[in-house]
Amino acid sequence: MLKDKVALVTGAQRGIGKEIALMLGRAGATVIGTGISEKDVEVIDQMLQAEKIQGRGKLVDVTNKPMRESAFEEIRTEFGAPHILINNAGITRDNLMLRMKDEEWDAVINTNLNAVFHMTQLCLRDMLKAHFGRIVNMASVVGITGNAGQVNYSAAKAGVIALTKSLAKEVAARNVTVNAIAPGFIDTDMTRHLSEEHRAAYLKTIPMNRAGQAADIAKAVLFFVSDAADYITGQTLHVNGGMYMA
Ligand code: NAP
């Protein structure tokens with residue numbers, strides 16, 4: 001299905017990004033998965049090789065401009081310009097507003113919002129020239145609903161949703177689609193560090209009675225980059241077991 005497509009997935013070493021990288025690879029894409037340490041890159045390489053997926057891990061801290069730019073040029077030379085960009089990398093630095101440090105605000109805005117802008121800008125020119133591109137941005141349900149203790153994270157994710165819509169309007173005529181996925185409560189390291197009490201409270205809000213799995217999100221990504229979604233752009237798809245209904 002994705003034969004001849006090059007997909008760039010940020011934060012592919014674990015969690016949702018790992019599942020996305022594998023699912024796109026199994027669908028035939030050449031996958032470049034980014035990690036922020038040499039060890040991450042090795043893990044990504046091994047994970048792709050184990051499934052005989054073309055592509056490799058690449059060292060990219062999405063908040064680091066020189067690293068982003070040189071990695072992008074290397075990818076372009078080695079594999080060709082990406083047709084698919086999945087802006088997945090993300091972090092949390094939760095705190096109540098009055099206690100939140102500047103660094104916690106800045107780190108989350110830089111990683112979860114600014115990097116989406118920068119990575120997309122790098123990939124967009126080639127997509128526009130090729131008259132083909134599929135960009136999927138990882139948002140969050142809290143980008144719509146808000147969440148106490150997450151002013152930084154929810155603001156970044158709301159920004160991602162708005163960026164998605166605005167860019168979708170800019171580039172639709174060139175057959176570049178830009179969509180977002182808003183996961184609810186997904187069982188990854190990001191949510192595993194929450195207390196049992198917090199996890200139980202979240203689970204109570206999910207009509208399907210279970211946390212989502214990374215694969216639930218990866219399947220939605222696969223849909224957006226497949227032919228089935230050719231006429232869909234600027235949308236935010238909520239994948240949350242009914243936790244929030246738009
Ligand atoms: P995760 O398990 O914590 O994984 C995050 C990934 O992002 C890791 O691979 C991490 O690399 C990478 N990353 C972090 N900072 C980076 C940077 N500066 N440059 C490059 N990569 C970086 O999180 P997840 O649950 O899979 O989340 C994936 C995306 O879904 C995020 O955007 C998150 O906000 C969003 N999301 C998750 C949930 C959820 O319930 N889990 C809900 C809504 C939205 P390392 O492994 O090296 O740290």
Side-chain angles (χ1 to χ4, degrees), residues 8-23 31-44 47 57-69 71-72 85-94 103-104 106-120 122 136-147 150 152-161 163-164 180-194 198-199 201-203 205-206 210-218 220-221 236-241 243-244:
L8 176 56
V9 182
T10 65
Q13 183 248 337
R14 60 193 167 100
I16 293 170
K18 174 180 176 179
E19 223 30 65
I20 294 170
L22 288 173
M23 217 172 269
V31 177
I32 318 303
T34 77
I36 44 177
S37 68
E38 291 293 355
K39 195 165 162 289
D40 279 11
V41 171
E42 236 173 76
V43 171
I44 296 166
M47 150 190 131
K58 192 89 200 156
L59 186 66
V60 188
D61 175 342
V62 293
T63 65
N64 181 317
K65 182 176 161 80
M67 206 187 252
R68 274 192 314 256
E69 293 182 350
F72 178 72
L85 169 65
I86 314 298
N87 283 308
N88 167 76
I91 58 169
T92 50
R93 295 287 182 271
D94 298 352
E103 306 86 74
E104 291 168 332
D106 290 342
V108 169
I109 299 297
N110 280 333
T111 309
N112 296 10
L113 179 59
N114 292 345
V116 173
F117 164 74
H118 293 300
M119 292 301 297
T120 303
L122 279 174
V136 182
N137 298 324
M138 214 47 69
S140 168
V141 63
V142 304
I144 302 281
T145 62
N147 196 22
Q150 289 197 309
N152 50 0
Y153 185 81
S154 55
K157 294 302 189 182
V160 165
I161 291 170
L163 179 156
T164 299
I181 293 172
F185 186 78
I186 311 301
D187 187 22
T188 67
D189 293 341
M190 188 172 271
T191 49
R192 275 176 213 135
H193 79 266
L194 295 171
H198 263 96
R199 286 175 62 84
Y202 276 118
L203 285 173
T205 66
I206 304 173
R210 67 167 177 91
Q213 298 301 310
D216 293 319
I217 306 302
V221 170
T236 297
L237 181 60
H238 289 270
V239 183
N240 60 25
M243 183 188 207
Y244 167 81

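One-based numbering, in listed order, for ligands and for the atoms of each.
- When non-hydrogen atoms are compared, ligand 1 lies under 4.0 Å from the backbone of A139 (N, CA, C, O) but not from its side chain.
- Between I186 and ligand 1, a contact under 3.5 Å exists for at least one N or O pair.
- The closest protein non-hydrogen atom to atom 19 (N) of ligand 1 is V62 N, 2.9 Å.
- Considering backbone and side-chain atoms alike, T191 places every N or O at 3.5 Å or more from each N or O of ligand 1.
- The protein heavy-atom contact nearest to atom 15 (N) of ligand 1 is I91 CG2, 3.6 Å.
- Residue-to-ligand polar distances place K157 within reach of ligand 1: an N/O pair is separated by less than 3.5 Å.
- Taking atom 2 (O) of ligand 1 as the reference point, the nearest protein heavy-atom neighbour is R14 NH1, 3.5 Å.
- Side chains of M67 and I36 form no contact here, defined as non-hydrogen atoms less than 4.5 Å apart.
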Subject >> From CA spacing to verdict: side chain to side chain contact (heavy atoms under 4.5 Å, CB included), M138, T10 >> reply: CA-CA 10 Å; M138 214 47 69; T10 65; over 6 Å; no

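- A heavy-atom separation below 4.0 Å is not found between A214 and ligand 1.
- Those atoms of ligand 1 with a heavy atom of D61 less than 4.0 angstrom away are 17 (C), 18 (N), 19 (N).
- One finds the CG atom of L194 at 7.5 Å from the CG atom of D94 (value rounded to the nearest 0.5 Å).
- Protein heavy atom closest to atom 30 (O) of ligand 1, with residue, atom name and distance, is M138 CG, 3.2 Å.
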Subject >> Steps toward side chain to side chain contact (heavy atoms under 4.5 Å, CB included) verdict (R199, D187) >> reply: CA-CA 10 Å; R199 286 175 62 84; D187 187 22; 3.8 Å; yes

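- Taking every heavy atom of G90 and a limit of under 4.0 angstrom, the matching atoms of ligand 1 come to 5 (C), 7 (O), 14 (C), 31 (C), 32 (O).
- Looking at D106 and R93, no side-chain N of the basic residue comes within less than 4.0 Å of a carboxylate O on the acidic one, giving no salt bridge.
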**OP:** Output, in order, the C-alpha distance, side-chain angles, deciding distance and verdict of side chain to side chain contact (heavy atoms under 4.5 Å, CB included) for I16 and N88.
**Re:** CA-CA 8 Å; I16 293 170; N88 167 76; 3.6 Å; yes

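- Listed by number with element, the atoms of ligand 1 under 4.0 angstrom from any heavy atom of Q13 are 9 (O), 45 (P), 46 (O), 47 (O).
- G11 O, 3.9 Å is the protein heavy atom nearest to atom 6 (C) of ligand 1.
- Heavy-atom proximity to G15, at under 4.0 Å, picks out these atoms of ligand 1: 2 (O), 26 (O).
- Looking at every heavy atom in both residues, V142 comes nearest to S154 through O-CB, 3.2 Å.
- For atom 26 (O) of ligand 1, the nearest non-hydrogen atom of the protein is I16 N, 2.8 Å.
- Only the side chain of T188 comes within 4.0 Å of ligand 1, judged by heavy-atom distances.
- Any N or O atom pair closer than 3.5 Å counts here, and N88 shares at least one such pair with ligand 1.
- I186 places none of its side-chain heavy atoms less than 4.5 Å from the side chain of D216.
- The heavy atom nearest to atom 42 (C) of ligand 1, out of those in G184, S140, G212, is found in G184.
- Polar contact check, G17 against ligand 1: no nitrogen or oxygen pair lies under 3.5 Å apart.
- The N/O atoms of T34, backbone and side chain alike, include none that comes under 3.5 Å of an N/O atom in ligand 1.
- Residues N114 and T63 have side chains that never bring a donor and an acceptor to within less than 3.5 angstrom of each other.
- For atom 13 (N) of ligand 1, the closest heavy atom belonging to the protein is A89 CB, 3.9 Å.
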Subject >> Worked verdict on V239 versus L237 for side chain to side chain contact (heavy atoms under 4.5 Å, CB included) >> reply: CA-CA 6 Å; V239 183; L237 181 60; 4.1 Å; yes

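- For atom 33 (C) of ligand 1, the nearest protein heavy atom (residue, atom name, distance) is Y153 OH, 3.4 Å.
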**OP:** Give the C-alpha distance, both sets of side-chain angles, the deciding distance and a yes or no for side-chain hydrogen bond (donor to acceptor under 3.5 Å, both in side chains) between N137 and T164.
**Re:** CA-CA 7 Å; N137 298 324; T164 299; 3.0 Å; yes

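- The shortest N/O to N/O separation between D40 and ligand 1 falls below 3.5 Å.
- In this comparison of I217, T10, I36, the heavy atom closest to atom 20 (C) of ligand 1 sits on I36.
- When all heavy atoms of A211 and I206 are compared, the closest pair comes out as CA-CD1, 4.4 Å.
- We find that D40 and K58 are not joined by a salt bridge, their nearest charged nitrogen and carboxylate oxygen being 4.0 Å or further apart.
- Of all the heavy atoms in R68 and L122, the pair that sits closest is O-CD1, 3.8 Å.
- Considering all non-hydrogen atoms of both residues, A89 and V62 come closest at CB-CG2, 4.3 Å.
- Contacts with ligand 1 closer than 4.0 Å are made by backbone heavy atoms (N, CA, C, O) of V60 only, the side chain lying farther away.
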